[in-house]
Participant: 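Here it is, the structure, as structure tokens.
Values reported hereafter were calculated over all heavy atoms of this structure, with side chains retained and with hydrogens, waters and symmetry mates removed.
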Amino acid sequence: MSLFATLGRAAALALLLVAGPALADIAPSDAQRHTAQEVADSLLHGHYSEVKLDDDWSQQAFEHYLDVLDGQRAYLLRSDIDEFNDLRTRLDEAVLDGELAPAYALYERYQQRVEARLEWLLARLDKGLGFTFDDDQRMILDRSEMPWPADEAELDTYWTKRLKNSALELSISREEAEKDAAAAEDDAASDDENASSDADVVEEKEKTIEETLRQRYEGQLNRLRQTNAEDIFDLFMTAVTDTIDPHTDYFSPRESEDFDIQMKLSLEGIGALLQADGEYVKVSSLVAGGPAEKAGALKPADRIIGVGQEGEEIVNVVGMRLDEVVDMIRGPKGSVVRLEIVPGQAMDMTRSKVIEITRDTVKLEDQAAQSEVVEIQRDDGTHRVGVIKVPAFYVDFDAWQAGEENYRSTTRDVAKEIEKLRDKNIEGIVLDLRNNGGGALQEANSMLGLFIDRGPTVQVRDARGRINLYGDTDSGTLYDGPLVVLVNRLSASASEIFAGAIQDYGRGLVVGSNTFGKGTVQTLNELDLGQIKLTRAKFYRISGDSTQNRGVTPDIEFPSLVDPETIGESSLDNALGWDSVRKVQYRQYGDPRRYLKTLRERHRQRADDHPNFHYLERHAALAKRLREQHTSVSLNREQRRRETQAREDEQLALENERREALGLEPLENWIDSRSQDEEDEPQPLERAPLSEAAEILLDFSRLESGIQFAEHAE
């Protein structure tokens, strides 16, 4: 998965590749025309699906190209769309024959509109904002389904609101920062470091709103004047590949180099996978063992709105290209980057905070499997359950290829942890695959061999319909006791193969939340210019079911803090669908599902009484309701505050209800919940699924042994 290219990169590229004075002189090169034909050939003859670059595809590609350029209907007019309407049936020719000029012409019109709009915004700032923030205006947040604007006057109305909203957000954010600094000053004697950090935030906010907005728009204008043919070609090719599936992607020569660096795990940064989210950069996931995950301050779905280096002021990155933001975050090992973020759960962009992360490289040992023993208290005494955390499926390829005997791999490390746990009188093992985004397929296969005695593990179907069967060929098992696999929405790819196989074999139970749904295989092919990452095959479980799109459904489902509407394969445009193939013959190790009724009932009883599970369930429902309701924002300062406060009061009340039940001090502000150290809690929220997985394992073990449960005491 590319650091900057996997999820929605095209939308970010489109934001600011805008017109320079000599744009009309920018034309596609012979190499670009040839590369477009190579991309077309790759799609037609190499993609897993049956791709047809015809008029129907052209219609879809045209609409997607428009979405990439102007997804919020903020620049182009209805007349522009009508003028280029013939492209609806000509984009197939653009890639098949390398006739890129029409696509470049549409891009030129878009860039002209963006340039004019930026100049309009700067002219408004020259006159002074003059906003009062006391009327009843509201601004619609998502315009993607609205008709194209009829004229400039309609866009002027929209952009006046958008400018007003930006000014209001900055005004409220500055006021909040000043309040935080004032509070920090009160605590300065006890915490000088915090006071200094908060003062840095205020220093950033002290610039006038007009200056901040001017810097933002002038920065965009400066970057637009650097637009070149490679930028335009990159954007158009990305729009083309994105119409096929979200994991088929074009990489420019520069992006190819960055992708290769990341795949070798030598990239120095914070260890986060980023994606575009309109004008913002959003965290899609964290790299296991990386600096961001270790720091604990950055979470999936957080939006990054500012980046600063240590000792320097934070630069606003709203509206910047995704690859530019990545370059700002990346840096030498040991250096500090400051990020201004808006938590993913926040409904308003004014709720920002500054965090610091020390850059580092992600080493193999940082992703190594680790074990612990969880003690569960029951009426008959203390029970011990082994837990093995598997952050990724890794292997030291260089050492393995060199024939070294003691090379590192997931399977070898998990085997060592099993041996350690055997000496600790455990009653079963929980394999924790939460946030495991996959990795080496061979390791998923070989790790299964620790728990099954030879057999198939996964089917891989190519574009021609040929199915290759992979599996464990080693006889014997290392562990044959009670087993539970814990997963969540960020468990993807090889993790899903492993969990699905355990479920199909009846070797153990899968618990947690529905997995990501990444059931496709990609390869990199060299092009005249850059590379294409192409979906070439699809994973299927031994039962015949695909993991694509639907993921793995746990036997016992837990609520999740990750919103499946925003994270996961099913949330991506043009994701390939779910299907199935014939099942293969394999041995059943047991039938855990015959106990599911009892296991679910006992889980439900514990969850109803557990503050953390109660919180998780209500949080998921609240987040969905708030998201569905939050379709517009008020441009009235007091109304905006009331609406924001009302939403945060609900979130805070839910958090404090949990804290009260756990005997913790309540929080005064919802935003403070992000800075709480869960390790100081007697029952941290992140540990709740793990503890419950251990409880389920004990129940499962007793049922397998024929031990009856006592009646549940009310």
Participant: Which heavy atom in Thr243 sits nearest to a heavy atom in Ala61, and how many Å separate them?
Facilitator: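 Scanning both residues, the minimum pair turns out to be CG2-CA, 3.7 Å.
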
Participant: Hey, what's the ring geometry for Tyr65 with Tyr107, parallel, tilted or perpendicular (30° and 60° as the breaks)?
Facilitator: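 Ring orientation, 0 to 90° scale: parallel.
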
Participant: Determine, step by step, whether Leu168 and Phe131 satisfy the side chain to side chain contact (heavy atoms under 4.5 Å, CB included) criterion, reporting the C-alpha distance in whole Å, the side-chain angles of both residues, the deciding distance to 0.1 Å, and the verdict.
Facilitator: CA-CA 9 Å; Leu168 180 58; Phe131 295 132; over 6 Å; no

Participant: Quick check against the 3.5 Å criterion: does Asp97 have a side-chain atom that pairs as donor or acceptor with the backbone of Ala94?
Facilitator: no

Participant: With rounding to the nearest 0.5 angstrom, report the CD to CG distance, Glu169 to Leu635.
Facilitator: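 Output value for this atom pair is 9.5 Å.
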
Participant: Mark yes or no for whether Gln548, through its side chain, and Leu576, through its backbone, hold a donor-acceptor pair below 3.5 Å.
Facilitator: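 Looks like yes, one N/O pair under 3.5 Å.
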
Participant: Going by the rule salt bridge (charged side-chain N to carboxylate O under 4.0 Å, His left out), which residues pair with Asp55 if we only count those two or more places apart in sequence or in a different chain?
Facilitator: none

Participant: Any luck finding a side-chain donor-acceptor pair between Gln32 and Tyr104 under 3.5 Å?
Facilitator: yes

Participant: Has the side chain of Glu565 got a donor or acceptor atom that lies under 3.5 Å from a matching backbone atom of Ser571?
Facilitator: no

Participant: Checking Arg461 against Tyr48: is there a side-chain donor and acceptor pair closer than 3.5 Å?
Facilitator: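 Arg461 and Tyr48 do have a side-chain donor-acceptor pair below 3.5 Å.
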
Participant: Quick one: are Tyr217 and Leu163 in side-chain contact, heavy atoms under 4.5 Å?
Facilitator: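 When only atoms from C-beta onward are counted, Leu163 and Tyr217 do touch, with a gap below 4.5 Å.
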
Participant: Where do Ser42 and Leu534 come nearest, in terms of heavy atoms and distance?
Facilitator: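 Shortest heavy-atom contact: O-CD2, 3.6 Å.
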
Participant: Walk me through it: do Arg88 and Asn85 pass the test side-chain hydrogen bond (donor to acceptor under 3.5 Å, both in side chains)?
Facilitator: CA-CA 6 Å; Arg88 290 183 184 276; Asn85 203 47; 2.4 Å; yes

Participant: Would you confirm whether Asp462, through its side chain, and Arg466, through its main-chain N or O, come within 3.5 Å as a donor-acceptor pair?
Facilitator: yes

Participant: Tell me whether Thr238 contacts the main-chain N or O of Asp234 through its side chain, where contact means a donor paired with an acceptor under 3.5 Å.
Facilitator: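 Yes; judged by distance alone, with no hydrogens or angles, the pair exists.
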
Participant: Verify, without hydrogens or angle tests, whether Ser495 (side chain) and Gly437 (backbone) share a donor-acceptor contact under 3.5 angstrom.
Facilitator: no

Participant: Distance from Ile270 atom CD1 to Glu293 atom CD, nearest 0.5 Å?
Facilitator: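 Here the rounded value is 12.5 Å.
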
Participant: Counting distance only, does the side-chain N/O of Lys533 pair as donor-acceptor with the main-chain N or O of His247 below 3.5 Å?
Facilitator: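 Here the side-chain-to-backbone pair exists.
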
Participant: Would you compute the distance between atom CG of Asp70 and atom CG of Leu76 and round it to the nearest 0.5 angstrom?
Facilitator: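 Asp70 CG to Leu76 CG: 4.5 Å, rounded to 0.5 Å.
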
Participant: Tell me, please, whether Phe84 has Arg109 positioned over its six-membered ring: NZ or CZ under 6.0 Å from the ring centre and within 45 degrees of its axis?
Facilitator: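 Geometry flag: not set, cation outside 6.0 Å or 45°.
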
Participant: Which one of Asp579, Asp545, Thr547 satisfies the side chain to side chain donor-acceptor pair (under 3.5 Å) criterion with Tyr540?
Facilitator: Asp579

Participant: Between Thr248 (side chain only) and Thr535 (backbone N and O only), is there a donor and an acceptor less than 3.5 Å apart?
Facilitator: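 Indeed, once roles are kept as given, a pair shorter than 3.5 Å links the two residues.
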
Participant: Verify, without hydrogens or angle tests, whether Arg33 (side chain) and Leu100 (backbone) share a donor-acceptor contact under 3.5 angstrom.
Facilitator: no

Participant: Of the non-hydrogen atoms in Thr241 and Asp249, which two are nearest, and what is the gap between them?
Facilitator: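 The pair with the smallest heavy-atom distance is OG1-CA, 3.6 Å.
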
Participant: If only atom types and distance count, is the side chain of Arg536 paired as donor or acceptor with the main-chain N or O of Gly46 below 3.5 Å?
Facilitator: yes

Participant: For Glu50, look at atom CD and say whether over 12 heavy atoms of other residues, nucleotides or ligands are found less than 6.0 Å away.
Facilitator: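 Count not over threshold, so no.
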
Participant: What I want to find out is whether Arg223 reaches Glu324 closely enough, with some N-O distance under 4.0 Å, to be called a salt bridge.
Facilitator: yes

Participant: Could you check whether atom CD1 of Ile140 has more than 12 heavy atoms from other residues, nucleotides or ligands sitting under 6.0 Å from it?
Facilitator: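 No, because the 6.0 Å sphere around CD1 of Ile140 holds 12 heavy atoms or fewer from other groups.
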
Participant: Can you tell me if Thr631 and Gln629 form a side-chain donor-acceptor pair at under 3.5 Å?
Facilitator: no

Participant: Considering non-hydrogen atoms only, spot the tightest contact between Arg489 and Ser570 and give its length.
Facilitator: NH2-OG, 3.0 Å

Participant: Are the charged groups of Glu340 and Arg303 less than 4.0 angstrom apart, N to O?
Facilitator: no

Participant: Can we call the ring centroids of Trp57 and Phe62 under 6.0 Å apart?
Facilitator: no

Participant: Roughly how far, to the nearest 0.5 Å, is the CG atom of Leu53 from the CG atom of Asp92?
Facilitator: 7.0 Å

